[in-house]
Amino acid sequence: MNITETFGQYVTKYTDRNPAQGRRLLKLGWEAQNFKFRHFPDQRLMPADRYLAQFMMESMLAPLKSPDHSAIVSIFVPCELLQEAGLHPYNAEAFSCYLEASRVERYCLQQTENDGLSETLCSYHRTFIGAAERGLMPKPKCIVYTNLTCDANLVTFRHLADLYHVPCFSIDVPMTMTEADISYVEKQLRDLKLWLEHETGKTIEEDKLRSRVERSRRTLMKFEQYQTAKAEKYVPTDLVTPLYSGMTNNILLGTEQNEHYVDLLNQDIKKAGPARGQRIYWMHTLPFWSDAVRSLLYFKEDAQIVGDELQSVCSSDFDPSNPYRAMASRMVHHALNGSIHRRIDNGIAHARALHADGVVWFNHWGCKHTLGGALLAKKKFEEVGLPCLLLDGDGCDRSHGGEGQTLTRLGAFLEMLEADKAKDSKEVSA
Amino acid sequence: MNQTKCQGCEGAMEIRKNGCSYYVCKYTPLELMAAFEGEYSNLNHMPEGFELADQVINPNVCGFGKALMQSVMAGEVHELVLVNCCDTIRSVYDILRDSKKLDFLYMIDMLHSGWACSREQISAQLIAFAKAYRHYKGQEFDEAKFRAAFHPPKRLQEPHLSVLGARMGKQLFKMVQDCMPLPVQNDSCVNNRSVGEVMPPTLASLREELLQGTECSRTAAPEAAQSPRTDGDVLDSPAFARLMDWYAYELIKQIPCMRMMDKTGRRALLNDPNLKGIIYHTIKFCDFYSFEYADLRQHAPVPILKIESDYTTSSSGQLLTRLEAFAESIDPEELEGKKTNMGKGYFAGIDSGSTSTDVVILDKDNKMVCGIIVPTGAGAQNSAEKALEEALRQSGLARTDIDAMVTTGYGRTAIEDGDKSITEITCHARGAHFLEPEVRTVIDIGGQDSKVIRLDDKGNVINFVMNDKCAAGTGRFLEMMAHSLELSLEEMSLHGLNYKEDITISSMCSVFAQSEVVSLIAENKSTDDIVHGLNKSVAVKTSALVKRVGGEGKYMMTGGVSKNKGLVKTLEEKVGAPIIIREEAQLCGALGAALFARDMVKA
């Protein structure tokens with residue numbers, strides 16, 4: 001038994017006895033991990049990604065340390081308003097990843113099964129609900145969520161608000177993209193500002209909000225520059241760094257640390273070596289826990305993930321002088337909003353920009369949007385010359401794995417890409 | 001052609017009715033469709049399977065979405081009006097749009113909240129839809145037809161049961177109606193549409209209002225209000241905009257479905273004083289309604305049964321036992337067969353299970369004369385006949401000595417010789433109560449399903465749950481694993497008691513779990529440790545059922561799997577209480593059936 005499994009067992013044991021003890025142990029374990037990230041980072045990562053591991057861990061620890069100053073949020077809530085209200089974003093999906101990595105996810109998932117909640121609900125949501133019900137996740141100040149872009153949001157966050165007895169604000173995003181739709185969301189964001197001021201007793205200053213949204217825009221622009229440069233480069237990566245982008249380019253957008261991270265990325269890319277190996281563009285979440293995926297894509301020179309869909313869901317093309325409209329525009333024009341065609345087109349554009357050799361569409365169990373559009377996506381990617389693998393699995397619940405199948409499918413796909421590349425270079429030399 | 005509900009399509013889906021627009025959601029503007037000579041019908045047909053749908057959509061999405069896809073791919077639907085109900089329906093729309101299979105396909109972006117701005121947005125959506133539908137139908141807006149389409153919804157005014165939750169397919173609802181002792185109201189999803197309680201204002205009255213400026217228009221600009229158009233395109237007129245604003249409100253003020261952000265209005269579904277019980281329906285891979293069920297199972301004011309279907313007719317059969325058991329629990333008269341006079345004073349119960357057929361014969365003092373267990377061969381009727389023959393032989397009795405006989409188990413209805421058939425849920429409860437009157441929770445792990453039954457102090461069923469269609473957590477799962485380990489079930493039952501390493505089998509799927517077991521064997525893990533891991537896997541599944549049903553001591557386990565000592569020990573740890581295993585554990589269902597047979601005879 002390894003140390004993480006033992007840690008997970010102790011957390012569950014303590015939580016059963018007294019949830020406060022379980023939380024303390026979890027926080028202690030994560031602080032120890034953060035100490036490691038600070039002082040003994042993984043030297044295989046480039047400096048920016050070493051910093052990112054630590055920045056992410058701190059973002060996770062903040063709600064554990066001061067839950068009264070935290071708001072549970074769904075993944076695509078624009079958090080600049082919350083940051084200005086002095087609230088840490090307490091993101092359900094990210095916490096579920098960390099609970100999985102701490103090996104307490106089964107304990108949490110079991111709780112939702114006991115309740116009779118659907119076993120086909122997204123496992124990120126089930127894990128967080130289970131952790132909340134077991135008392136492992138502390139009570140937040142409030143909850144802010146949006147229907148963008150996942151059905152599970154509509155039930156999970158309402159359920160959590162009932163469970164914790166905390167106020168809850170929902171942002172309804174239409175799936176069409178007219179100016180009226182942006183105005184509809186803008187109105188809600190203005191209401192959110194008033195609501196947050198009421199809940200926290202803190203005034204949100206318009207100038208500061210404007211500067212923060214301007215920082216978001218700047219960060220996104222710098223990230224776009226980084227992605228352009230990355231097309232020709234090899235940046236060593238593990239399996240969690242691409243996932244962190246779900247946080248950095250969404251929830252943590254607008255923070256100084258995030259801008260600093262992107263500045264570091266742009267410094268790193270100048271020193272990175274030339275591109276090599278198979279370059280995979282990954283659609284949707286990533287089963288970072290999977291030994292099968294690890295054996296093929298973890299710090300490998302012959303094959304690596306060069307980009308993840310969640311990194312590039314909105315463009316920097318918005319006007320921060322009206323921060324509410326800017327955030328509303330980001331939500332309405334979000335790549336995952338509306339038709340699956342938008343999501344596929346966005347994936348094609350970014351995969352091409354990063355010079356990807358192939359695309360993995362990860363059929364995360366429980367994500368109906370991803371599963372529903374899978375066959376269409378494969379067809380569309382392949383029509384533009386990007387080989388696409390539909391890989392079934394689960395980003396958070398290893399009981400939905402099938403490691404043998406994952407290894408075979410992903411391995412065969414990489415072999416196929418390798419063969420294609422060899423054939424292409426042969427044709428070029430001929 | 002009348003611009004009303006399409007009568008031709010209310011029946012079988014096989015016949016295509018030209019010009020019929022199908023819809024799937026109660027927020028669909030049906031009355032507006034009627035205004036353009038449109039016939040409409042609720043697409044609620046359950047196919048036998050998803051052969052065609054599986055070619056274009058991943059199988060792990062909501063069964064209704066696949067049913068919809070199946071109907072279109074089979075050429076049964078040519079016009080479809082969708083609402084963005086959920087991610088599955090959004091995907092269905094995307095795929096169908098790409099396929100170009102339909103003559104008319106439209107999706108309305110129904111927002112998730114009912115506040116004023118949503119109403120404005122929805123009103124604009126309705127106008128856009130009206131234009132698209134007019135263009136397709138080639139008909140102008142007919143106000144008289146629009147108004148004629150408003151009808152107050154019909155509701156049962158007598159004591160009744162309600163189907164709540166996710167939409168229930170036509171064939172399954174018919175089965176529910178046939179099983180239940182009371183009339184059944186379908187209040188699931190699309191079926192609780194309530195538009196029509198109020199008649200719309202006329203366009204003339206709205207024009208008048210605009211002219212008089214009696215009310216500040218939200219949808220029309222002030223200058224337009226001062227000079228409303230009486231000519232030109234009616235769909236662009238301020239009066240029509242105001243009518244659609246009214247209509248948008250009528251649509252969104254309905255009892256909300258679970259995808260709406262504020263669900264408090266759903267309480268209305270429970271407030272009917274004539275409501276006597278709830279059949280809560282969920283669809284595999286539709287997650288919205290399990291949350292409401294999780295709440296209702298604790299707070300419902302009336303008895304509640306949860307059933308889950310995959311929206312095929314093949315799944316409906318498996319639900320029959322649950323429905324019949326629920327009917328038996330809410331109406332004890334269901335259990336009383338035709339009374340007969342006492343003859344020789346012997347009563348038989350036959351439990352026709354997937355693995356074994358069990359027979360119990362009681363005498364008039366409820367003493368067990370004989371109890372036998374034989375493997376179920378091909379055909380329930382045949383096995384039951386053989387088992388009964390053997391039981392009579394061992395008891396020295398003839399068939400004519402049996403005054404009444406009750407059959408139970410999955411093959412109960414196939415046995416023609418019985419006087420009555422009762423579900424194994426009710427029979428296990430009765431048998432367990434007879435053996436141990438203090439038992440309040442019965443755990444039965446059978447060959448093809450597992451069930452946990454809650455009893456009251458008289459042995460009546462007050463609640464029960466069963467596993468889903470998956471084999472995980474059943475006797476079949478253990479059989480598969482025993483096969484991989486090259487053990488007999490008897491050998492397997494003793495392994496796992498003295499394990500050293502606490503292995504967790506992480507895969508829930510039986511097939512993947514089998515691969516995991518093979519890997520563990522390859523890693524030279526001891527048989528005891530692997531068997532304990534498997535026992536734990538089944539125990540965790542079963543204890544989840546115990547928690548869902550609100551299990552209370554004393555606990556009793558029935559069925560063949562109760563012989564598995566290792567599993568029972570692990571299950572006791574998970575449940576946190578001792579579990580009574582009686583010698584007659586495997587005969588409990590047949591015993592209950594024999595006791596019901598005894599009730600049929602006048603003393």
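The structure displayed is predicted, hence computed values, not measured ones. The chains referred to below are lettered A, B, ... by the order of the sequence lines, with proteins before strands, and numbering in each begins at 1. Just so it is clear, the values below take in all heavy atoms, side chains as well, and ignore hydrogens, waters and symmetry mates.
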*Check each atom of A:Ile171 against the heavy atoms of chain B and say whether the ones under 4.5 Å are side chain, backbone, both or neither.*
backbone
*In chain order, what residues pass the salt bridge (charged side-chain N to carboxylate O under 4.0 Å, His left out) check against A:Asp172, with sequence neighbours excluded?*
none
*Pick one of side chain, backbone, both or neither for B:Met107, based on which atoms fall under 4.5 Å of a heavy atom in chain A.*
side chain
*asked:* Quick check on A:Asp394 against chain B: is it the side chain, the backbone, both or neither that has a heavy atom closer than 4.5 Å?
replied: neither
*Would you say the side-chain atoms of A:Asn337 pair up with the backbone N or O of A:Thr149, donor to acceptor, closer than 3.5 Å?*
no
*asked:* Need one label for B:Thr282: side chain, backbone, both or neither, based on atoms under 4.5 Å from any heavy atom in chain A.
replied: neither
*Contact origin within A:Asn363 toward chain B - heavy atom pairs under 4.5 Å*: side chain
_A:Tyr184-B:Glu120 side chain donor-acceptor pair, cut-off 3.5 Å_ = no
*Nearest heavy-atom pair of A:Leu148 and A:Asn153: which atoms, and what distance?*
O-ND2, 3.2 Å
*asked:* Whether B:Asp245 and B:Arg119 form a salt bridge (side-chain N of Lys/Arg under 4.0 Å from carboxylate O of Asp/Glu) is what I want to check.
replied: yes
_Proximal component of B:Gln125, with respect to chain A [non-hydrogen, under 4.5 Å]_ = side chain
_Is the ring pair A:His364/A:Tyr124 parallel, tilted or perpendicular, if the boundaries are 30 and 60 degrees?_
tilted
*How about A:Glu309 and A:Asn346: does a side-chain donor come under 3.5 Å of a side-chain acceptor?*
no
*asked:* Tell me which of these, A:Cys122, A:Cys150, A:Ala180, has more heavy-atom pairs under 4.5 Å with chain B than the rest.
replied: A:Ala180
*Mind ranking B:Gln55, B:Gln121, B:Lys547, B:Arg297 by heavy-atom pairs under 4.5 Å with chain A and telling me who comes out on top?*
B:Gln121
*asked:* Less than 4.5 Å to any heavy atom of chain B: does that hold for the side chain of A:Thr370, its backbone, both, or neither?
replied: neither
*If you count heavy-atom pairs under 4.5 Å with chain A, which of B:Arg97, B:Met260, B:Glu292 comes out on top?*
B:Arg97
*Considering the options A:Glu105, A:Glu403, A:Glu5, which one meets the salt bridge (charged side-chain N to carboxylate O under 4.0 Å, His left out) requirement together with A:Arg398?*
A:Glu105
*Between A:Ser118 and A:Thr120, do the side chains contain an N or O donor and an N or O acceptor separated by less than 3.5 Å?*
yes
_A:Ile129 portion near chain B, given a 4.5 angstrom heavy-atom threshold_ = side chain
_Top contributor to chain B contacts, counting heavy-atom pairs under 4.5 Å, from A:Lys187, A:His341, A:Gln111_ = A:His341
_Quick check for you: among A:Gln188, A:Lys380, A:Lys368, which has the greatest number of heavy-atom pairs under 4.5 Å with chain B?_
A:Lys368
_Contacting moiety of A:Leu376, where chain B heavy atoms sit under 4.5 Å_ = side chain
*Among the options B:Val61, B:Asp109, B:Leu545, pick out the one with the most heavy-atom pairs lying under 4.5 Å from chain A.*
B:Asp109
*Should A:Glu133 and A:Arg126 count as an ion pair when the cut-off is N to O under 4.0 Å?*
no
*B:Asp287, B:Asn60, B:Asn84: which one forms the most heavy-atom pairs within less than 4.5 Å of chain A?*
B:Asp287
*Check each atom of A:His369 against the heavy atoms of chain B and say whether the ones under 4.5 Å are side chain, backbone, both or neither.*
both
*Measuring heavy-atom distances to chain A, does B:Arg259 have an atom under 4.5 Å in its side chain, in its backbone, in both, or in neither?*
both
*asked:* Below 30° counts as parallel, above 60° as perpendicular, anything between as tilted: where do the rings of B:Tyr289 and B:Tyr280 land?
replied: tilted
*asked:* Heavy-atom pairs under 4.5 Å with chain A - which of B:Asp262, B:Leu111, B:Val465, B:Thr88 has more of them than the others?
replied: B:Leu111
*asked:* Restricting to ring pair (Phe, Tyr, Trp, His ring centres under 6.0 Å), what partner residues turn up for A:Phe157, sequence neighbours left out?
replied: A:His125, A:Tyr145
*asked:* Using a 4.5 angstrom heavy-atom cutoff, name the option from B:Ala294, B:Cys62, B:Ser118 with the most pairs to chain A.
replied: B:Ser118
